[in-house]
Amino acid sequence: MTTPTETPTVRPEEVLIEAISGMLAGLSHVAVGASSPIPGAAAFLTNSRAPTKTRVSILGSERNFFNEGARELFDLAGQGRIDAFFLSGGQIDGQANVNLVAVGDYRKPKARFPGSFGSAHMYYLVPRVILFRWEHSRRTLVEQVDFISAPGVSPANVHRPGGPHALITNLCLFDFDRQRARFRLRSVHPGHSLEEVRDQTGFDFDLPEDGQVPFTPTPDAATLETIRGPVARRLAEVYPTFAARVFDLGSAA
Amino acid sequence: MTTPTETPTVRPEEVLIEAISGMLAGLSHVAVGASSPIPGAAAFLTNSRAPTKTRVSILGSERNFFNEGARELFDLAGQGRIDAFFLSGGQIDGQANVNLVAVGDYRKPKARFPGSFGSAHMYYLVPRVILFRWEHSRRTLVEQVDFISAPGVSPANVHRPGGPHALITNLCLFDFDRQRARFRLRSVHPGHSLEEVRDQTGFDFDLPEDGQVPFTPTPDAATLETIRGPVARRLAEVYPTFAARVFDLGSAA
Amino acid sequence: MDITPTSVESLVSQVEDGAMIALPPQYSNCSLVMARALIRRGVRDLHLVGVPQMGLHADLLIGAGCVSVVETAAVTMGEYGLAPRFTAAAKAGTLKVLDGTCPAILTQLQASEKGTPFGVLRGMIGSDLLKHRDDWKVGENPFAENDPIVYLPALKPDFTMMHALKADREGNIWLGVRRELMLMARASAATLVTVEEIVDENLIADPVTAAGTLPAIYVSAIAEVADGAWPYALPGGYREDEAHLREYMTLAQTEEGFQTYLQRFVFDGEPRVAAE
Amino acid sequence: MDITPTSVESLVSQVEDGAMIALPPQYSNCSLVMARALIRRGVRDLHLVGVPQMGLHADLLIGAGCVSVVETAAVTMGEYGLAPRFTAAAKAGTLKVLDGTCPAILTQLQASEKGTPFGVLRGMIGSDLLKHRDDWKVGENPFAENDPIVYLPALKPDFTMMHALKADREGNIWLGVRRELMLMARASAATLVTVEEIVDENLIADPVTAAGTLPAIYVSAIAEVADGAWPYALPGGYREDEAHLREYMTLAQTEEGFQTYLQRFVFDGEPRVAAE
């Protein structure tokens with residue numbers, strides 16, 4: 001573990017935390033998966049800004065309010081008591097299908113991922129699912145996934161109050177249009193470009209209607225203070241490794 | 001509340017407690033409904049005789065080992081973890097149908113009972129259901145019930161590992177033959193007669209194969225001591241009114 | 001995320017005519033104080049759901065004319081006898097009774113808890129319950145041949161009402177082993193709770209009490225009110241008031257006597273437990 | 001009704017080749033000491049069920065050749081990376097993987113818990129999971145028109161294996177909020193438990209601890225063994241042994257390295273946590 005010799009003004013992770021937090025503003029209950037430190041930080045940031053409005057629960061952590069065991073998160077989703085959730089994928093395609101299972105032939109795969117977790121349920125039921133994948137490459141963002149753990153869109157007769165809302169990577173932020181089943185680029189993170197996004201994306205996507213691609217806003221000074229202070233400290237309780245690496249904080253072993 | 005001036009040698013309730021206990025011997029788990037003091041006493045007696053063998057749970061009491069709330073009893077039955085249970089009925093008929101709902105027209109009944117409770121589930125799933133009805137009369141033991149809360153027998157394609165095993169009243173003990181869907185008199189309680197049973201029973205029933213109707217055995221001295229000692233004391237914790245009345249014990253208000 | 005306690009009258013002011021209200025069984029955390037407040041409010045056409053059965057709280061509401069439908073496995077006064085106002089209303093045909101059986105009602109709530117449109121349950125086939133329940137269906141088990149099973153629609157009450165020993169400042173409620181109350185709250189759109197007291201400790205943060213605590217996310221509003229289960233018992237709190245229940249049983253045998261009871265114990269202000 | 005504690009070796013001696021074993025998720029009361037004993041016993045063809053996912057306990061058993069089927073929502077080493085022996089076996093095609101999704105597995109266990117032949121669940125339609133699961137069916141909701149829903153058969157494991165902080169002399173097990181373990185035990189034919197210690201207090205008789213206690217009726221056998229979850233954490237007990245898990249991840253990248261690990265930490269006697 002190396003200590004950065006110079007702290008950058010705004011870390012790339014902080015841009016994502018701010019962008020995601022913007023998509024969570026005003027929601028009542030945000031649930032975060034067990035290995036999602038950046039979404040977790042974004043949820044904590046939203047909660048710091050509106051502590052009486054937005055609840056945050058971290059799956060698998062002892063720091064949530066569940067007491068019904070593993071099924072409570074999924075039951076809450078079924079009851080409509082979760083407003084936003086995060087999913088990732090070994091592959092994500094242009095129709096927002098996610099693959100958490102395998103690359104190549106399912107029975108003898110070239111790559112095998114851990115498995116679908118709760119995606120094949122949560123993706124259907126949580127109104128605002130934000131896809132999060134740090135690595136933006138043609139390996140991860142593909143034209144068509146090899147295995148659909150959970151589809152981006154469903155026929156009209158399939159009960160589906162929820163679905164994909166956006167996709168955020170280390171390069172940019174896409175919105176998802178459920179009617180057209182396509183991503184539309186919303187913004188590119190500072191230091192990156194539309195060309196880089198095009199180069200690294202395996203699927204076709206739309207541009208903003210006015211054709212102008214803005215940069216993803218960076219957090220202001222007050223927000224940075226919140227992220228690096230209370231948010232980072234809460235994060236260190238749940239994701240110590242991440243907090244130690246990014247914020248130089250945490251209870252490293 | 002009057003105190004009996006003279007304690008009878010063997011109380012009628014004690015004959016029933018002993019008879020029921022005999023039907024519970026060797027079972028692993030006996031569950032008893034909330035308002036069933038005689039079956040409860042029988043279960044405690046069985047447990048006193050074989051404390052490491054037979055568990056007893058009293059529904060609705062805080063003195064059981066449930067912690068999943070109201071559904072646990074029914075789930076246990078569904079799992080096959082309950083060996084014996086008790087049901088009663090405002091009416092019970094010759095096919096062991098029980099009526100816990102209404103006499104006369106269901107929509108505007110002549111008599112209305114509290115309701116079916118869990119009978120329409122437990123009667124199907126618990127291997128040994130013992131029907132208990134203190135009042136043995138043509139009013140309670142009828143040819144055909146006016147409302148079937150739970151049927152005595154079911155067609156072969158209906159999943160039914162459980163069902164009626166016996167019927168015990170203040171007059172006698174019947175066995176139930178599920179193949180023939182008929183009761184067979186096993187014994188008449190001391191002080192009563194076959195004629196009295198015939199007079200007071202609204203349905204037709206079989207006699208023992210040898211035509212001889214024995215008396216229901218009375219508990220021996222050691223058993224009476226157990227019933228009046230440890231069993232009565234445990235009963236007083238759950239059914240104080242009954243224990244006070246029958247055993248002159250309990251925490252009367 | 002703190003919850004601001006309110007009054008019992010404010011809790012029941014949320015309940016509109018025709019609401020579907022889930023009520024706990026008579027041995028488990030009944031909020032009699034809310035039942036009395038509902039009567040004073042003069043609410044009408046309630047649809048009561050017994051989870052899975054009900055007692056005095058239902059009998060009072062029925063007798064006071066607040067109820068048009070009861071959906072339950074039983075209405076019972078236990079050792080005290082038949083529930084007098086329920087029995088009278090059922091016999092008069094003025095009350096619609098949706099007769100059920102305990103595990104069916106629990107299954108219907110579990111379907112809501114899980115967000116599925118229905119659940120299934122063994123038993124019931126051949127029971128007259130099914131004859132009178134158009135909302136229950138016998139269907140096939142798709143994993144076997146000729147194996148009928150009962151399909152039960154999800155039941156989502158508008159409200160659950162309960163009384164508990166304590167709540168904390170976040171709105172978490174101590175329920176111990178009475179887990180049907182957690183099921184009811186999860187299955188219902190809103191949950192109104194009266195508690196004996198509000199405590200400073202955080203019930204869900206303490207790993208020892210967390211398992212027996214209803215998390216605040218399921219709780220809509222709370223009022224702090226002593227003796228809220230009276231005359232029923234509160235597990236861990238107080239025993240039932242047998243003398244009062246006998247008095248009720250005597251008075252409520254007639255419509256006139258019941259009105260006397262209502263006047264004395266509901267309309268003339270909120271009674272408190274007399275003896276300790 | 002007391003239960004007589006036994007040894008870990010005696011617990012796993014009940015497990016025959018081909019048994020279906022439900023295992024808790026990696027963050028919840030895994031009995032690694034039983035997994036190691038199973039490997040020493042040389043059991044074969046196990047069918048592991050992850051409730052709803054598994055970690056090191058499954059990776060060890062798979063790598064040691066004890067497993068022919070895994071039925072799970074995931075096998076994961078969390079922040080440490082992909083589960084190396086699971087990944088290798090899946091890529092080699094030598095392990096049958098029944099890929100599921102968390103709430104489906106929980107629904108299948110809930111069906112067993114309730115004694116129904118199946119349960120239903122929203123979601124999944126259009127997922128490739130369904131393509132590869134002949135045992136899952138898409139059917140209709142009988143209470144609506146044109147509303148497909150997934151039907152899932154009841155899952156009844158032969159065994160559940162878990163580790164807990166404490167048991168009492170009756171065989172009641174403290175689990176706190178880890179209620180998936182109670183579900184697993186209720187759904188399974190037998191439940192084998194290792195515990196850190198056996199205590200004199202009665203966990204189910206105390207109303208404060210009762211809610212978080214697995215009742216003894218669901219418990220088949222218990223062994224008292226310290227550090228039974230090691231190198232995983234035990235909630236309320238100890239933290240995970242990160243250094244050991246990193247060592248595992250390094251060694252288990254190759255078959256050879258994994259055999260070295262097995263020899264050192266499984267076959268050469270039962271290791272204990274080194275540092276406190």
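Below, each value reflects all heavy atoms present in this structure, side chains not excepted, and no hydrogens, waters or symmetry copies. Proteins come first, then strands; the chains are lettered A, B, ... in the order of their sequence lines, and each starts at number 1.
Between C/Ile149 and B/His159, every side-chain heavy-atom pair lies at or beyond the 4.5 Å cut-off. A heavy-atom distance below 4.5 Å is found between the side chains of C/Gln110 and B/Arg71. In this structure, C/Leu121 and B/His121 have side chains that are in contact, with non-hydrogen atoms separated by less than 4.5 Å. Between C/Val97 and B/Arg112, the closest side-chain pair of non-hydrogen atoms falls below 4.5 Å.
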Audit row: B/Glu68, C/Glu180, side chain to side chain contact (heavy atoms under 4.5 Å, CB included) steps and yes/no: CA-CA 7 Å; B/Glu68 194 56 58; C/Glu180 62 276 355; over 6 Å; no
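With 3.5 Å as the limit, one finds a donor-acceptor pair spanning the side chains of B/Tyr106 and C/Asp99.
The main-chain N or O of C/Lys91 is never found under 3.5 Å from a side-chain atom of B/Lys108 such that the two would form a donor-acceptor pair.
Within residues 78-90 of chain B, no residue has any heavy atom less than 4.5 Å from a heavy atom of chain C. For residues 76-85 of chain C, heavy-atom neighbours of chain B at less than 4.5 Å comprise C/Thr76, C/Glu79, C/Leu82, sorted by residue number.
Residue with the most contacts toward chain B among C/Gln53, C/Gln26, C/His132: C/His132 (heavy-atom pairs, distance under 4.5 Å). Put simply, of C/Ala92, C/Ala144, C/Pro25, the one with the most heavy-atom pairs under 4.5 Å next to chain B is C/Ala92. Contact count versus chain C (heavy atoms, under 4.5 Å) is highest, among B/Phe147, B/Phe117, B/Tyr123, B/Tyr239, for B/Phe117. When each of C/Pro52, C/Gly93, C/Gly176, C/Gly126 is scored by its heavy-atom pairs under 4.5 Å with chain B, the top score falls to C/Gly126.
Residues C/Tyr27 and B/Ala70 come closest through the heavy atom pair OH-CB, 4.3 Å.
Within the 4.5 angstrom heavy-atom criterion, only backbone atoms of B/Ser149 (N, CA, C, O) approach chain C.
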